[in-house]
**Student:** 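Take a look at this one; I'll ask things after.
All figures in this text were calculated on a predicted structure; none of them were measured in a lab. Worth knowing before you read on, the calculation uses all heavy atoms, side chains too, and leaves out hydrogens, waters and symmetry mates. Within every chain, numbering begins at 1; the chains are lettered A, B, ... in the order of the sequence lines, protein sequences first and strands thereafter.
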Number of protein chains: 2
Amino acid sequence: MNAKRMLLETALAHFAEDGYEGASLQKIAEEVGIKKPSIYAHFKGKDDLFLCSLKNALKEEKRRITRFFISRKDQPLDRRLSELLAFLQEEYNRSSESKFVLRMSFFPPSSLYDEVMKLIYPFLDSMERRVLRLMEQAKADGTAPIANPEDAAVAYMTLVDGIMIEMVYSGMASAKRRLKASWPIFWAGIQASKT
Amino acid sequence: MNAKRMLLETALAHFAEDGYEGASLQKIAEEVGIKKPSIYAHFKGKDDLFLCSLKNALKEEKRRITRFFISRKDQPLDRRLSELLAFLQEEYNRSSESKFVLRMSFFPPSSLYDEVMKLIYPFLDSMERRVLRLMEQAKADGTAPIANPEDAAVAYMTLVDGIMIEMVYSGMASAKRRLKASWPIFWAGIQASKT
DNA sequence: TTTAAACTACCTAACGGTCGTTAGGAACAT
DNA sequence: ATGTTCCTAACGACCGTTAGGTAGTTTAAA
């Protein structure tokens, strides 16, 4: 139907799978069912297609996370945070978007490094700030005796990356194993630790 | 001097920086000071060069980690483990090898996926087993009251990845921040947590 | 309401460039 | 004499991109 949308979707999957340099406009066009030069009716070139895909993916990802937090508004912090990890795992499995975002955060095409980072940093920052806010709130209202919210938020982001990375190269089973092992340690640690 | 050695070294850096598809034999040869086809006097092709580089990098990396543990044989477990994290950070900054291993663990060229994984899994496994052994030992001789060595080892590996990944995309400063925030939480957590 | 212009979305053909790779030969060491 | 290590030249394949054309749709003036 809408070719532009299909292009964005397909390109996303290819970039996620093969990286920027490894992805081929030929194959993307083929999968969409048009010829390679027709892409240029919708995008200025490969860079443009890539950056548009990335913007889309980030927007979508952010929206999903926001919705997740809203849907668990009334649950205690530990459930919300540990379930977010599980949620991200599911998302990663279900769609290429998380994989794409993850890959491009870690290994952006060197030719587009600055532009990619300008998009990704605010995304990660906003996620960390959101977690920090939750930690502070939980500490303030006594829900959870968090010793140091700043460190707790940073450590949580570290945990997210460590688990998501395991998703990337070993798949769901290993990542679940990490989550299961790491979460109790993390949660116990942020309440016990003194900096 | 030894062209083969220089090729391996240079290729490593290029693969780490640009990925498998993004790296060019042309540029690698140029940097070494020979012409592109001369590479074929030493390697069967790009695949071969890549896999040889990877093997070398893994061997070297493993050797370094072993040496590190030996050099800190008499220190308490928490210092040994937290300093290993700092050590890996330094290594990552100093040489391309860690970056290469990291990148190829996470995003191997899809055409060589199986062969890459066959090399990398044992490496990561052996590291985890080494950590597990240390945890069990510390628990047994009472040095550190670790509740669950298996989970502790898995969580430690998660921590390693989370911190190293931050190395990749935000550099040393952010990674140190993560280490500083996460380590006390981790260490407190593995002693307090019940599974 | 018709008609002409403009625009959109696709096509085929082809461009220049880079890719990894091979052939074949020269210099040199074993 | 054989093998190693480099070279130049060139191959075919694929890359992203552009030119130029053709339908079909929308827009706007007659």
Side-chain angles (χ1 to χ4, degrees), chain A residues 1-57 100 103-104 107-116, chain B residues 1-57 100 103-104 107-116:
Chain A
M1 315 286 130
N2 186 342
K4 186 160 187 173
R5 199 173 291 273
M6 283 180 69
L7 270 173
L8 281 171
E9 224 172 275
T10 309
L12 191 84
H14 280 250
F15 285 134
E17 198 56 43
D18 305 321
Y20 178 80
E21 294 90 354
S24 136
L25 294 185
Q26 181 92 274
K27 286 177 192 160
I28 293 172
E30 234 165 64
E31 200 173 312
V32 170
I34 61 175
K35 300 297 175 184
K36 180 172 54 158
S38 305
I39 294 177
Y40 289 77
H42 303 279
F43 301 94
K44 272 184 276 178
K46 197 183 189 183
D47 292 8
D48 189 34
L49 176 58
F50 175 82
L51 290 171
C52 286
S53 299
L54 182 57
K55 277 177 207 166
N56 251 34
F100 179 61
R103 177 167 197 160
M104 291 316 146
F107 303 106
S110 41
S111 58
L112 298 175
Y113 184 85
D114 291 340
E115 290 168 273
V116 169
Chain B
M1 313 290 126
N2 187 340
K4 185 159 188 176
R5 198 174 291 272
M6 283 180 68
L7 271 173
L8 282 171
E9 225 171 273
T10 308
L12 190 84
H14 280 250
F15 285 133
E17 198 57 43
D18 305 321
Y20 178 79
E21 294 90 354
S24 137
L25 294 185
Q26 181 93 273
K27 286 176 192 160
I28 293 172
E30 235 165 62
E31 200 173 311
V32 170
I34 62 176
K35 301 296 175 186
K36 180 171 56 159
S38 304
I39 295 177
Y40 289 77
H42 303 280
F43 300 95
K44 272 184 275 178
K46 196 183 189 183
D47 291 8
D48 189 33
L49 176 58
F50 174 83
L51 290 172
C52 286
S53 298
L54 182 58
K55 276 177 208 165
N56 251 34
F100 179 62
R103 177 167 199 158
M104 291 315 146
F107 302 107
S110 42
S111 57
L112 298 174
Y113 183 86
D114 290 340
E115 290 168 274
V116 169

**Student:** Expressed in angstrom and rounded to an integer, what is the separation of B:I39 atom CD1 from D:dC7 atom P?
**Tutor:** 10 Å
**Student:** Choose from C:dT12, D:dC6, C:dA9 the nucleotide whose nearest atom is closest to any side-chain atom of B:A3.
**Tutor:** D:dC6
**Student:** Whole angstrom is fine here: how far is it from NZ in B:K27 over to C1' in C:dG17?
**Tutor:**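 Answer to the nearest Å: 12 Å.
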**Student:** Examine C:dC11: is either OP1 or OP2 under 4.0 Å from a nitrogen or oxygen in the side chain of A:S38? Give yes or no.
**Tutor:**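 Indeed, a polar side-chain atom of A:S38 lies that close.
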**Student:** How many Å lie between CZ on A:F15 and P on D:dG16, as a whole number?
**Tutor:** 8 Å
**Student:** List for me each residue that meets ring pair (Phe, Tyr, Trp, His ring centres under 6.0 Å) alongside B:F50, sequence neighbours excluded, and say none if there are none.
**Tutor:**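 Partners of B:F50 under the ring pair (Phe, Tyr, Trp, His ring centres under 6.0 Å) test: B:F15, B:Y20, B:F100.
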**Student:** Starting at atom CG of A:L7, determine the distance to atom P of D:dG16, rounded to an integer number of angstrom.
**Tutor:**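 So the CG-P distance, A:L7 to D:dG16, works out to 13 Å.
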**Student:** Hey, what do you get for CG (A:L7) to CD (A:E31), rounding to the nearest 0.5 Å?
**Tutor:** 10.5 Å
**Student:** Between B:A11 and B:I28, which heavy-atom pair has the shortest distance, and what is it?
**Tutor:** CA-CD1, 3.9 Å
**Student:** Once you round it to whole Å, what is the distance between P of C:dT12 and CD1 of A:I34?
**Tutor:**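 A:I34 atom CD1 is separated from C:dT12 atom P by 12 Å.
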**Student:** How does protein contact run along nucleotides 20-30 of chain C, one letter per nucleotide 5' to 3', with B for base contact, S for sugar-phosphate only, - for none, heavy atoms under 4.0 Å?
**Tutor:** BBB--------
**Student:** Answer yes or no: does a side-chain N or O of A:H42 lie under 4.0 Å from OP1 or OP2 of C:dC10?
**Tutor:** yes
**Student:** Check whether any side-chain heavy atom of B:L25 lies under 4.5 Å from a side-chain heavy atom of B:L49, and answer yes or no.
**Tutor:**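 A side-chain contact exists here, since the closest heavy-atom pair is under 4.5 Å.
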**Student:** To the nearest 0.5 Å, what is the distance between CE (A:M104) and OH (A:Y113)?
**Tutor:** 14.0 Å
**Student:** Considering non-hydrogen atoms only, spot the tightest contact between B:K35 and B:A29 and give its length.
**Tutor:**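 Taking B:K35 first and B:A29 second, the nearest heavy atoms are C-CB, 3.7 Å.
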**Student:** When the distance from CZ of B:F43 to P of D:dC6 is rounded to whole Å, what number comes out?
**Tutor:** 11 Å
**Student:** B:D18 has an atom CG; how far is it from atom C1' of C:dT18, in whole Å?
**Tutor:**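 Distance check: B:D18 CG to C:dT18 C1' gives 14 Å.
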